[in-house]
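Here's the structure, in C-alpha cells; my notes come after.
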Amino acid sequence: MKAIILAGGSGERFWPLSTSKKPKQFLKIFSDKSLIRETFERLLFKLKSEDIFVVTAERYKEETLRELPELNEKNVLLEPVARNTAPACFLGTLVANDEEVVFVLPADHYIPNKEKFWKTVEKGIYAAENYNGLVTMGINPTRPETGYGYIEAGEELEENIMKVKSFREKPNMETALEYIESGNYYWNSGMFFWKKDIFLEEMRKYNEDIYNSMIELDPNNTEHLHRVYPTLRKISIDYALMEKSERVYTIKAEYEWSDVGNWVSVREMEGYSDNEKNVHLVDSKNVFVKTDKNVGVVGLENIIIIDTKNGLLVAKEDKINDIREIVSQLKKKG
Ligand code: GDD
Ligand code: MG
C-alpha cells in the first residue's frame with residue numbers, strides 16, 4: 001500500500017497563527033507538533049516511510065522535508081501550480097504499482113486516537129481490495145455543515161461497509177438539513193482508498209482530459225510537471241469522481257475526527273477557556289483564549305481571542321470565517 005498525504009492548502013482561516021509562508025499543515029495547533037507531522041506519525045504507526053508520499057506545492061518543499069526528515073526527497077511530489085485535489089490524487093496514485101491500494105488523506109486533520117484510526121483504515125484497505133471501487137470514509141454528521149461532502153449510504157455489504165447510493169459535494173443549507181433529517185447520510189472525511197488501476201479507469205471514464213494529460217507523467221520529473229500542470233483543469237476529487245462514479249463505497253469511521261476548519265473547530269475540541277487561570281470574565285461567557293497573558297473580558301459572549309507574535313485576533317464566533325478579510329487587507333497594506 002502507498003499512502004499519499006495531500007498538503008496543498010492555504011492557511012487564511014488561522015490568522016494570526018498562519019501566514020502564506022506557513023499554511024495550515026505546518027501549524028502547531030494541538031501539540032508541539034505540526035498537523036502534517038501528526039499525520040505522518042499516524043501513518044508511521046503501521047507504514048514504512050518509503051511508502052508514504054506527500055503531494056505539495058514547490059514552495060513548501062523545504063518546510064515539508066524539515067517537518068518530515070525521515071522522507072526521501074523523491075517521496076515529496078511537487079506541483080508547480082495548484083490544480084485542486086483531482087490532479088493531486090492522480091499524481092500521488094501514479095507512484096503505486098498496477099493493482100496496489102492507494103490511501104489518500106489530507107495533511108491537516110485532527111484524529112487523536114491512532115489505534116481507532118487504523119482499525120478503520122484497515123477496513124478501508126480491505127474494501128478497496130475486495131470491492132474494486134473508490135472507498136470513502138463516512139463520518140456521523142452532527143450539524144448541517146455546508147463545507148463538507150455528503151455520502152448517501154446504500155446497501156450494507158458487510159459490517160460497516162456500504163455501497164454508496166449518491167455523493168453530493170458541499171450542498172446548500174436547505175439540502176444539508178434534509179440530509180441530516182433523513183439520517184441516511186454521512187460526512188465525507190476527505191480520505192480515500194482505491195487500487196491504482198480502478199482509479200485510472202474511473203478517471204479515464206469521467207475526466208478524460210486530465211487522464212490523457214497525466215497518464216504518461218513521471219511524478220518526479222520537474223520539467224515534465226512544469227509542462228503539463230498549468231494545462232490541467234482545476235477540480236476537486238469530490239466533483240471529479242465521487243459525485244460521478246457508480247463504484248463508490250463507504251466505511252463507517254470509528255474514530256474522533258475534525259478537519260480543523262477554523263478557530264471555532266479548535267474551540268469545539270478544546271472547550272471554552274472560561275475557567276482558566278489567566279482568563280478573567282465579568283458579565284461574559286463562552287470565551288476562547290489562546291495566550292499565556294492575563295486576559296480580562298467584560299460584557300462579551302462567544303468570543304475568540306488569539307494572541308501570537310504575528311498579531312492579535314479578537315472575533316465573534318459566528319463571524320469567524322470573515323477573518324479571510326483580514327488576510328486580504330494585510331496583503332493590500334503590504
Ligand atoms: N497537493 C495539493 N494540491 N493538495 C491540495 C490541493 C492542491 O491543489 N488543494 C487542496 N489540497 C489539500 C488540502 O491541503 C487538504 O489537505 C486536502 O487537499 C483537502 O482539500 P480542502 O480544500 O481542505 O477540501 P475541503 O475541506 O474543502 O473538502 C474536502 O474535505 C472535506 C472534509 O474535510 C472534500 O473532500 C469534502 O467532501 C470533505 O467533506
Ligand atoms: Mg479541508
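In each ligand, atom 1 is the first atom listed, and ligand 1 is the first ligand listed. This is a predicted model, so every value here is computed, not measured. Values below: every heavy atom of this structure, side chains too, minus hydrogens, waters and symmetry copies.
- Looking only at heavy atoms of the protein, atom 2 (C) of ligand 1 is closest to Glu79 OE1, 3.1 Å.
- A salt bridge does not link Lys285 to Asp274: none of the charged side-chain nitrogens sits closer than 4.0 Å to a carboxylate oxygen.
- Within a 6.0 Å radius of CG in Asp292, other residues, nucleotides and ligands contribute 12 heavy atoms or fewer.
- In terms of protein heavy-atom proximity, atom 32 (C) of ligand 1 is nearest to Asn188 O, 3.5 Å.
- Counting heavy atoms under 4.0 Å from ligand 1, residue Pro23 does not touch it at all.
- Checked against a 3.5 angstrom limit, the closest N/O atoms of Tyr148 and ligand 1 fall outside it.
- Judged by distance alone, the side chains of His109 and Gln25 never bring a donor and an acceptor atom under 3.5 Å apart.
- Heavy-atom contacts of Ala107 reach the following atoms of ligand 1: 16 (O) (cutoff under 4.0 Å).
- Heavy-atom proximity to Ser189, at under 4.0 Å, picks out these atoms of ligand 1: 32 (C).
- Close contacts of ligand 1 with Gly190, meaning ligand atoms under 4.0 Å from a residue heavy atom, involve 35 (O).
- Between the side chains of Asn184 and Ser182, no donor-acceptor pair of N or O atoms lies under 3.5 Å.
- For atom 20 (O) of ligand 1, the closest non-hydrogen atom on the protein side is Thr85 CG2, 4.0 Å.
- Considering backbone and side-chain N/O atoms, Val55 comes within less than 3.5 Å of an N/O atom of ligand 1.
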Inset, instruction - Run the numbers on Phe117 and Trp257 for side-chain contact (heavy atoms from CB on, under 4.5 Å), then give the verdict. - result: CA-CA 9 Å; Phe117 172 70; Trp257 170 89; over 6 Å; no
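- Glu270 has a carboxylate O that lies under 4.0 Å from a charged side-chain N of Lys290, or vice versa, which qualifies the two as a salt bridge.
- The number of heavy-atom neighbours closer than 6.0 Å to CZ of Arg227, taken from other residues, nucleotides and ligands shown, is above 12.
- Checking Lys195 against Asn132 by side-chain atom types alone, a donor-acceptor pair falls below 3.5 Å.
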Inset, instruction - May I have the step-by-step check of ring-ring contact (aromatic ring centres under 6.0 Å, His included) for Tyr272 and Phe288, ending in yes or no? - result: CA-CA 5 Å; Tyr272 288 109; Phe288 180 69; 7.5 Å; no
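- Checked options Glu63, Glu67, Glu70; the residue passing with Arg37 is Glu70 (criterion: salt bridge (Lys or Arg N to Asp or Glu O under 4.0 Å)).
- At a heavy-atom distance under 4.0 Å, atoms from both the backbone and the side chain of Leu6 approach ligand 1.
- For atom 33 (O) of ligand 1, the nearest non-hydrogen atom of the protein is Asp259 OD2, 3.1 Å.
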Legend entry - Evaluation steps, side-chain contact (heavy atoms from CB on, under 4.5 Å), between Leu217 and Phe90: CA-CA 10 Å; Leu217 251 185; Phe90 203 116; over 6 Å; no
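- The protein atom (non-hydrogen) at minimum distance from atom 14 (O) of ligand 1 is Gly9 N, 2.9 Å.
- Per-atom contact check: atom 27 (O) of ligand 1 touches the protein, criterion being a heavy-atom distance below 4.0 Å.
- Under a 3.5 Å cut-off, the side chain of Lys163 and the backbone N or O of Glu246 do form a donor-acceptor pair.
- Proximity of His109 to ligand 1, defined as any heavy-atom pair under 4.0 Å, is confined to the side chain (atoms from C-beta onward).
- Of the protein's non-hydrogen atoms, Glu169 OE1, 2.6 Å is the one closest to atom 37 (O) of ligand 1.
- Looking at Lys170 against ligand 1, only its side chain comes within 4.0 Å, counting heavy atoms.
- The nearest protein atom to atom 4 (N) of ligand 1, hydrogens excluded, is given as Gly8 N, 3.0 Å; this is a heavy-atom distance.
- At a heavy-atom distance under 4.0 Å, only side-chain atoms of Ala88, from C-beta outward, approach ligand 1.
- Within the listing of ligand 1, atoms 7 (C), 8 (O), 9 (N) sit less than 4.0 angstrom from a heavy atom of Asn84.
- Shown here, atom 22 (O) of ligand 1 is out of close reach of the protein: none of its heavy atoms lies under 4.0 Å off.
- Counted within 6.0 Å of CG on Asn275, heavy atoms from surrounding residues, nucleotides or ligands total 12 or fewer; the atom is thus considered open.
- For atom 29 (C) of ligand 1, the closest heavy atom belonging to the protein is Asp238 OD2, 4.3 Å.
- The distance criterion of under 3.5 Å between nitrogen or oxygen atoms is met by Gly149 with respect to ligand 1.
- Assignment of Lys24 to the shell around ligand 1 is not supported, since no heavy atom sits closer than 4.0 Å.
- Here the side chain of Glu156 pairs a donor or acceptor atom with the backbone of Asn160 at under 3.5 angstrom.
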